[in-house]
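The next block holds one structure in the form of structure tokens; read it before the comments.
Within every chain, numbering begins at 1; the chains are lettered A, B, ... in the order of the sequence lines, protein sequences first and strands thereafter.
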Amino acid sequence: MTDLAIPEDQTAASNGDNHLYLVDGSGYIFRAFHALPSMNRSDGTPTNAVFGFTNMLLKLVEDIEADHVAVIFDTKRLTFRNEIFADYKANRDEPPEDLRPQFSLIRDAVRAFNVPCLEMEGYEADDLIATYARQAKEKGMRVTIVSSDKDLMQLVDDGVDMYDPMKNRAIGRDEVFEKFGVGPEKVVDVQSLAGDSVDNVPGVPGIGIKTAAQLINEYGDLDTLLARAEEIKQPKRRQNLIEFAEQARISRELVRLKDDVSVEEPLERLTVEDPDDATVLSFLKEMEFKRLIARFEAELSDGGAASAGGGPVEGSVGSPSPEGDVAYELVQEIADLERWIALARAEGTVAVDTETSSLNAMRAELVGVSMSVVPGKACYIPLGHTDGEAQGSLLGDSGNGDGPKQIPRDKALGLLKPLFEDPSVLKVLHNAKYDLLVLARGANGGVNVTPVDDTMCMSYVLEGGLHGHGLDELSELHFGHTNIKFADVCGKGKTQIPFSAVALDKALDYAAEDADMTVRLHRTLRPELPKAGLLTVYETLERPLIPVLTRMEKAGIKVDPQILRDMSKDFEKRLDELAVEIHKLAGEEFNIGSPKQLGEILFDRMGLPGGKKGKTGAYATGAEILEDLAAQGHDLPARVLDWRQLSKLKSTYTDALVEAINPETGRIHTSYSMTGASTGRLSSNDPNLQNIPIRSEEGRKIRTAFVAEPGNKLLAVDYSQIELRLVAHIANIESLKQAFRDGIDIHAQTASEVFGVPLAEMDPITRRNAKAINFGIIYGISAFGLARQIGTEPGVAKKYIDAYFERFPGIRDYMNETKAAARETGYVTTIFGRRVHIPGIKDNNPARRAFSERAAINAPIQGSAADVIKRAMVRINPALADAGLAAKMLLQVHDELLFEVPEAEIEKTTEVVRRVMESAAEPVVELSVPLVADAGTGDSWAEAH
DNA sequence: AAGAGACAG
DNA sequence: TTCCAGCTGTCTCTTA
């Protein structure tokens, strides 16, 4: 619920003057300009900011429940603040070229909507807002400031709140506290100390918002703090507070908003008036905002929006359906549901889609189910809808208050379960894993859907690498049909409503269309699989993996939140200390997380050697560059590297993982994407459990929080060097294959052959170089890249590569053949026949073409390894069951599988898993190198690995 | 929304 | 000769 819609009766409800909206127009202009892609009227005038602003105004006049309103703008640059401090806002750039002509158009928009539009010479919009807010408050009115500018946060008070129109989020005391570490009444004090680089408010050097908040909380206010500055313990801070006390006081004058401007327009006249429709329309037309015109006209001619009533709604209203007639039916009676189930049984195939409350399948509640048996005919069965959007009145039923008419959920699921579990009826879904998991959860009926076809996986197998595989994208691609967008039905951002609150007629159009498109896709894609020779890939690598992954996601992994919280606390403390040190070394306060600011400090201010880079013109400050600087003895870059590491660990891991623990299961349930990686790999998201730190000592500790249930251990089994083994096999390099068969250290073996050093005399550096080449080869490395990797001259690196190819000509042949095949067919293949399309292989741009060539070289290797582990995963559960073992497969990390195993079964389980993994390629492919899997166990993932 | 940076295999 | 310079991902933060 947004605050825009809460006309809270406060003290002055009786006189009717109760709510004032103050819109910070200037702030909104800049944010709209940057947030929206560029747009132009046919005469070339840029209009994107005008569009964003107009959109906001439309929403404002539609939703407003206040009786007073004004949009307020800044005027010229110079204000009374420049008399206090000449450089105030001096570092602001001129507004961008494309924005300047839009300012006056935006004022036109405000006038067209008949909303009071104010500005005053010499004052900023903020001061006028402060003044009106004070006046309104004195009259007992409520005030809402529509802005997200932090400088306005000092005005928040009982009865005065803010509303961020871009994020659709209310800003009250709590949000202010979150931002400044103090309540609104102390915001000015904090800002005076911390200063503001954007507005060029100086503040006190070495003090940022965090320190400022801490000081103000300790001393109460700025004056007290400055008076007692002698007491500060930290010498540098004490000195700065004394030395820059006056500067802090000046900053306070800059920051504090003036709330007694003698405004020209009295508050009483800022009343809400209905806009003149013709004026609005002519403005929209002048701007050529076609979508807004349509929306506005639709609202004018409203009244005919009601739906047909309780019965089946024929012909999906609103969604264009160029493919011919469609008939979507709302199923609200048991008899109708039974008819659809009979239809599905008769056909033997039914497309199914679920509507839920969340994109996260482990948290989603079932809201409805749609089904389609033949193209153009589909139904939607609402199960968990509530009264939203006043649909009770639209449907004209008795208004019983229990939500719209629908078959009781459990009754409907009782009828659907036998169909969904019937082995003789094929269920077709798009992204089946999601729906399977939702339906499998006890809370949603515990339905185990089988057998299943997945149109998303089919598209992935057929056209992986060419495009995405979402239903909307495929409908467009294959049928030229534009699906109704989820956002059009539910909105987005904070104003988004749950699907359960969508009116049934709208829900029908949206949900039935998905089932309809799924059935159409199935009829289009399924016949292509055998034609392309890809049926086996789909049937053995992808389709059987769906229930396996569903089980893994449902199982989740236990995570101890206390371990993570303790680490977070430790990280926070050390981050604070590092920040102080870094600011001291830099000689000024800046945002360490901003590469732009860091670059300016490093290269402009401190004059360290380094260069500009790329399109944005910002300095590059990547780890490699900072490491170079650190190696030259500079402390600041070294500390920044430490800071970055800790900051990453804290925000991405220790903090985020605690949040990801499912409150019902106490475990983290990732979601695997089967179509996200072009090579055939899985990817993991929400949260990503495939990139939990391990390489650094510090990060590795995070794995101690991943634990087994009591009585169990974690078992980690990973393939040793699987990609190099596959290279040896695919490129058929006899000496490498022999080395793998003999169990020799492969990098040492390579070094020995390429550099002619006997194995017995191998030194670590030579071995390291050979290792870099081995891995580099997999990725299609260049002499330049290898040189950078191992820290030598490109000329030397080139010699190494030449020597490597001299010794292993098979690898060069493989690379050339692979590139040729990609050029010939547009794709490359793995040893199991999976295709990976390489669309850029014929690009005229040499850089892009080279990029595609490297991808082509890598894809069969990475993809074959992905195929191998997928085959293992499909076989593991049956193998465990055969052996009577209870282990649960929890995670896959590309070449590793993680299990939770009863302590008593560890040895047997290890044996079974290892056997399955090492023989996973067979019998389809007889590898000429052995696959080796290493196992480890422990109470945590850290120990098991 | 895009870029930069950092984490994994 | 020019291009750029190691593949596959996800997540967070900043900035325009």
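Atom C1' of nucleotide B/dC7 and atom NE2 of A/His894 are separated by 11 Å, given to the nearest angstrom. Distance CD (A/Glu698) to P (B/dA6): 16 Å, rounded to an integer number of Å. Taking atom CG on A/Leu649 and atom P on B/dC7, their separation rounds to 7 Å, with Å as the unit. Counting to the nearest Å, the P atom of B/dG9 and the CD atom of A/Gln892 are 12 Å from each other. Atom CG of A/Leu602 is separated from atom P of B/dA4 by 17 Å (rounded to the nearest Å). We find that OH of A/Tyr672 is positioned 13 Å from P of C/dT10, with the value rounded to whole Å. The separation between A/Arg849 atom CZ and C/dA5 atom P is 15 Å, rounded to whole Å. Atoms CH2 (A/Trp941) and P (B/dA8) sit 11 Å apart, rounded to a whole Å.
Among pairs with a residue in residues 836-847 of chain A, those fulfilling side chain to side chain donor-acceptor pair (under 3.5 Å) read A/Asp843-A/Arg848, at least two apart in sequence or across chains.
Not less than 6.0 angstrom separates the ring centroid of A/Tyr804 from the ring centroid of A/Tyr800. Side-chain rings of A/Phe775 and A/His747 approach one another, their centers coming within less than 6.0 Å.
At B/dG9, none of the side-chain N or O atoms of A/Ser684 fall inside 4.0 Å of OP1 or OP2 (strictly under the cut-off). When the side-chain nitrogen and oxygen atoms of A/Thr621 are compared with OP1 and OP2 of B/dG5, one or more of them lie within a distance under 4.0 Å. In terms of phosphate contacts, A/Arg681 brings no side-chain nitrogen or oxygen within less than 4.0 Å of OP1 or OP2 of C/dG9.
Within the nucleic acid shown, A/Ala865 has no heavy atom closer than 4.0 Å to any nucleic acid atom. Note on A/Phe851: only backbone sugar-phosphate atoms sit closer than 4.0 angstrom, heavy atoms only; bases stay farther off. Within 4.0 Å of A/Gly785, counting heavy atoms only, lie sugar-phosphate atoms of the nucleic acid but no base atom. Backbone-only engagement by A/Gly676 is indicated by non-hydrogen atom pairs under 4.0 Å involving sugar-phosphate atoms exclusively. Among the atoms of the strands shown, only primed sugar atoms or phosphate atoms (P, OP1, OP2) are found under 4.0 Å from some heavy atom of A/Gln645. Heavy atoms of A/Ala620 sit under 4.0 angstrom from primed sugar atoms or phosphate atoms, though from no base atom.
Counting heavy-atom neighbours within 6.0 Å of A/Lys210 NZ, excluding the residue itself, gives a total of 12 or less.
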Give every pair of a protein N or O atom and an N or O atom of nucleotides 12-16 of chain C that lie under 3.5 Å apart, one pair per line with the distance.
residue : atom : partner  : partner atom : Å
C/dT12  : O3'  : A/Ser651 : OG           : 3.4
C/dT14  : OP1  : A/Asn591 : ND2          : 3.2
C/dT14  : O3'  : A/Ser594 : OG           : 3.4
C/dT15  : OP1  : A/Ser594 : OG           : 2.4
C/dT15  : OP1  : A/Gln597 : NE2          : 3.2

Show the distances under 3.5 angstrom between N or O atoms of the protein and N or O atoms of nucleotides 2-4 of chain C.
residue : atom : partner  : partner atom : Å
C/dC3   : O2   : A/Ala847 : N            : 3.4

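Between A/Lys433 and A/Glu553, at least one side-chain N (NZ, or NE/NH1/NH2) sits under 4.0 Å from a carboxylate O, which counts as a salt bridge. Taking 4.0 Å as the cut-off between side-chain N and carboxylate O, A/Lys648 and A/Glu698 do not count as a salt-bridged pair. A/Arg605 has a carboxylate O that lies under 4.0 Å from a charged side-chain N of A/Glu588, or vice versa, which qualifies the two as a salt bridge.
Qualifying ring-ring contact (aromatic ring centres under 6.0 Å, His included) partners for A/Tyr719, counting only residues two or more places apart in sequence or in other chains: none. Partners of A/Glu627 by salt bridge (Lys or Arg N to Asp or Glu O under 4.0 Å), not counting sequence neighbours: none found.
Annotation: proximity of residues 688-695 of chain A to DNA chain C (heavy atom, distance under 4.0 Å) is found for A/Asn688, A/Asn691, numbered in ascending order.
Using a distance-only test at 3.5 Å, with no hydrogens or angles considered, no donor-acceptor pair links the side chain of A/Glu723 to the main chain of A/Ile861. Of the possible polar contacts, one joining the A/His583 side chain to the A/Phe590 backbone as a donor-acceptor pair under 3.5 Å is found.
Comparing A/Ala855 and A/Phe784, the nucleotide of DNA chain C nearest to each residue sits closer to the 5' end for A/Phe784.
Nucleotides C/dT2 and B/dA6 are separated by 33 Å at their C1' atoms, to the nearest Å. B/dA4 and C/dC3 are spaced 23 Å apart, taking the C1' atom of each and rounding to whole Å.
If you check the side chains of A/Asp655 and A/Ser568, you find a donor sitting under 3.5 Å from an acceptor. Checking A/Asn48 against A/Gln102 by side-chain atom types alone, a donor-acceptor pair falls below 3.5 Å.
Listed nucleotides C/dC7, C/dA5, B/dG9 differ in distance to A/Asp895; the shortest reach to its side chain belongs to B/dG9.
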